[in-house]
Amino acid sequence: MTPRDIERILRDEAGRALATLIRLVGDFDLAEDSLQDAFAAALERWPVSGHPSNPRAWLVNVGRNKAIDRIRRQANFRGKQAELTHELLLNVSQHDACNDGAALGDDMLRLIFTCCHPALAMDTQVALTLRTVCGLTAPEVARAFLVGEEAMAQRLLRAKQKIRLAGIPYEVPDRDTLAPRLRGVLAVIYLVFSEGYAATSGENLMRLDLAQEAIRLCRLLDSLMPGRGEIKGLLALMLLHDARRAGRATARGDVVLLEEQDRALWDRVQIAEGLLLVDEALRAPGGPHAYAVQAAIAALHARALNYAQTDWPQIAGLYEVLLRISPSPVIELNHAAAIAMVDGPARALALIDALEARGTLRGYELLFAVRADLLRRLGRHAAACDAYRSAIAATQLEPSRRFYARRLAELERRTD
Amino acid sequence: MQYLLMIYQNEAEYAKLDPAILQKNSEEYVAFTQSIVQSGNFKAGDRLRPIATATTVRVREGKTLTTDGPFAETREQLGGYYLIEAKDIDAALAIAARIPTARTGAIEVRPIWVYN
């Protein structure tokens, strides 16, 4: 087998093998170092012997032995025989743990819930999840969030220290706290996706890897915790948004608005999967979750033949449902944009004015962008130009800046 | 593990509260303390006198400098603490959330440094 084949297997198994190793050795850092040792051993042996029938069990067993070596070396180095009573050494004979499928699934959930523990800051939860659950390298995580490698390494180190020192448990939350904790996990996954779907800053509109990682993570969660509407809803939402990927930007990286997208470029297979999941999510017990309703909105866009024939009244209605179950000014903004398609731009502009007067979205790029578009459609070109200028000042993303500048130039030509 | 739960509250606002509310608050504290004594989590706990009674001491180059008032001027002040024994941070946070002042002030949860 080629090094590339091996690297693919290692990447696929990294998260799960690490999840089990952390439980067995009781320490994030020791588990990570030992898994790296096991990877090195795999790269050395597998090209000759072929990969083992169960690569994950192999990695866990080799990793655990490497961890024992590390503890013994440390104990010898310090001359402390007492450390040999480390729990790990006492459990050396327990080899069952690596082959039980259910236990392995639980380990993965333990890892996910630990990385997304609310005692860690949100950006730390995201970084730790990408590093340990998704198996990205620390420099990859740093690049994804435009943070320096040194700063990211420090952030990850501090997070692992806090897990150990503050007693963040390596456990799946019990029934009483599961729902709010799961919401936290889904928020992390959605944040990873959103950053991949429309980066907050930089040269490129989309960062494919992050969107793919988020979908992979949500699929994993759906398989580990089957039948939960909020997980299926989020997975559907991400699949349906991501299905439009090829139509959302030109080859040169310019933004293409939904109304101008070539719908033949949309990924129909992925849309079909998303539509199926939306139905499951909406039918799940406990009433529809906000993600399921957002996915239902995305489904209406995905089903529509074109922009004009989209079921705007139902989309506006779904935004109203969303405002009841999960109110937020951003949802109000989206609702107003849908109302513009149902009742016209003047009525939508009144909603935006009211929203703006409350001051909660002050300086928000999309507020300026929606306002600019409504004013443009109402023929109020001077005011639209001002709003586009505000949007240009507010955005940190180069393709968005180019789009607003293009609209502004069109309007300025007409006003002259 | 042991955790220190530090209770922060705005003293000025607390001083303005109605006596009936203060009475109820004090009863809630008695009930809460009893509950964590019974559950075996309680190690220690005290209420502190207001910051008007605080004195801060520093020693620099052998000289003791004493100043009137707390170490730092903040909007909310340390007003009391519990030292608890808890299985992990989740258990500690659940106990902290039941402290009556959690509803009006804030509880900072810190693990105790253990020397091996």
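This structure is a prediction, so every number in the text was calculated from the model and none was measured. Letters A, B, ... are given to chains in the order of the sequence lines, protein chains preceding strands, and every chain is numbered from 1.
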*Asks:* Of all heavy-atom pairs between A:Leu165 and B:Met1, which one has the smallest distance, and what is that distance?
*Replies:*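 Minimum heavy-atom separation between A:Leu165 and B:Met1: O-CE, 3.1 Å.
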
*Asks:* Heavy atoms, side chains only, cut-off 4.5 Å: are B:Asp88 and A:Glu171 in contact?
*Replies:*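 SC-SC contact between B:Asp88 and A:Glu171 confirmed.
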
*Asks:* Does B:Arg110 CZ have over 12 foreign heavy atoms under 6.0 Å away?
*Replies:*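 Not buried by this count: 12 neighbours or fewer within 6.0 Å.
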
*Asks:* Take atom CG in A:Asp174; do more than 12 heavy atoms of anything else shown fall under 6.0 Å from it?
*Replies:*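 Counting neighbours around CG of A:Asp174, more than 12 heavy atoms of other residues, nucleotides or ligands fall under 6.0 Å, so yes.
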
*Asks:* Is A:Ile168 close to chain B through its backbone or its side chain, or both, or neither, when contacts mean heavy atoms under 4.5 Å?
*Replies:* both

*Asks:* Using non-hydrogen atoms and a 4.5 Å limit, figure out which bit of B:Leu93 sits close to chain A: side chain, backbone, both or neither.
*Replies:* side chain

*Asks:* So, taking the atom named CG in B:Asp90 and the one named CG in A:Asp176, what distance separates them when rounded to the nearest 0.5 Å?
*Replies:*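 One gets 12.0 Å once the value is rounded to the nearest 0.5 Å.
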
*Asks:* If you compare all heavy atoms of A:Ala166 against all heavy atoms of B:Pro111, which two are closest, and at what distance to 0.1 Å?
*Replies:* CA-CG, 3.7 Å

